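Just below is one structure, and these are the notes that go with it.
Keep in mind that what you see is a predicted model, and the values were worked out from it rather than measured. The analysis underlying the following values was restricted to heavy atoms, covering all of them including side chains, and did not include hydrogens, waters or symmetry mates.
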Amino acid sequence: MEYCYIDTALLAIPNYAVDTATAEELIDRVTHFANLASANVPVTLVIASNAEEILWSGNCSPEYSQIQAFIDLMGLGHVFAAADLVRQYQAIFSRSARADSVEPVEVHEISGFESVPPLPIGLALQSETERIFAAVAARQLLEDAWNVGSAIQGVYGRSYFTTVQIEMVSGSRAAELGNLPVTIATGVKTFSHLRELVSEESAYRLWMNAKTPEDLHFAFTIGALALLKEAGKISKVSQLRRFAIGPEFMKSLQATQCFGAGHFASAARSLCVQIVANVCAKRFGEMGRPQTIRKFDSAAGWRVHLTKGGEGFRLMFWQSNKEIEFANVGVKHELKIAHGFLNGAITADVSECLEMSGLA
């Protein structure tokens, strides 16, 4: 699971927008986060527990009258409807997790904030932006899957080396940061669009942090897109093979040291990613003689070498006209494909969030 702590300043009106172009960038970013909040994507959006209090007390709340005045001022009243934008902001508020409910820690007070490169001067709610950077820095020391939902103009996936003194913190793992006040220094990445996760680094992190079949499916999708991107090929979800995670697959990976940091995990991940990207050079063999055919969807059973030598692991999968379904990993002398059952596999379509307007 990936976590994105949305800067409260992103939800402020007008934020950084000073002209039509920056206003459209801001609206596109909010629209994308609203879609992420509503989509079946293993990325958890997190907002400050008192976000509404901060925004309304600062007279920068995303309510109808202020949004209407904002788009009229920017000359975009004929392009965007205030009521539609209100719903997008409301989707973020209602469907995001609150920071104090998402472990491991929450930072409340800081001092001595610095970053390289420095944050822009004059940000809306500058102190809140710095606090959220500090909160993500602290969380990253305990869990590595945190980003800041950026409220900075024109910034996509930039890393800021952040040094800050934590004065007040809460949470079940707060003691792991040390005795307060404590200074921490680490890189913090900004996040503006799901497409920024398309890299081998992110795909590996998603794999290492996977806890559910949905996480696994997303890790393979991002890994396959990254593989195509690095090869200079078209990197779109539409270029990938449609695939699903069978009900026994994750347990099978864990049982054979093919999961997480297991001895054969790297080989298992690489093979699955190559198959999804449709660039696997290994030969697929039929399961059974005659080939095993699953009754409920007429899918055919296949196997492919995962390792050689003593273990001789094979990756087994089903292939139908619709998709492939990763079934299980087996040993060469005990090859048996996990049967699965109707509607038992996990799949997800993230193409709308990955390929909507925003980053190419």
Residue pair R131 / F113, side-chain heavy-atom distance below 4.5 Å
no

Do the non-hydrogen side-chain atoms of T212 and P42 ever get within less than 4.5 Å of each other?
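In short, these two side chains do not touch, never coming nearer than 4.5 Å.
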
State, without any angle test, whether Q88 and T31 hold a side-chain donor-acceptor pair at a distance under 3.5 Å.
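Looking only at side-chain atoms, T31 and Q88 do form a donor-acceptor pair, the distance falling under 3.5 Å.
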
Taking atom types as modelled, find out whether N209 and D215 have a side-chain donor-acceptor pair closer than 3.5 angstrom.
no

Lys/Arg-Asp/Glu bridge criterion (N-O < 4.0 Å) met for [X], [Y]:
{"X": "E106", "Y": "R139", "answer": "yes"}
{"X": "K336", "Y": "E248", "answer": "no"}
{"X": "R29", "Y": "E196", "answer": "no"}

Expected output: side-chain [X] to main-chain [Y] donor-acceptor under 3.5 Å:
{"X": "E130", "Y": "S127", "result": "no"}
{"X": "Q291", "Y": "E286", "result": "no"}
{"X": "S101", "Y": "R98", "result": "yes"}
{"X": "W146", "Y": "V188", "result": "no"}

ILVMFWY network linking L45 to I54, side-chain heavy atoms under 4.5 angstrom
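Cluster IDs for L45 and I54 match.
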
Return the orientation label for the F249 and F326 ring planes: parallel under 30°, perpendicular over 60°, tilted otherwise.
parallel

Heavy-atom pair with the smallest gap, counting every atom of L227 and A277
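Looking at all heavy atoms of both residues, the closest pair is CD2-CB, 4.0 Å.
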
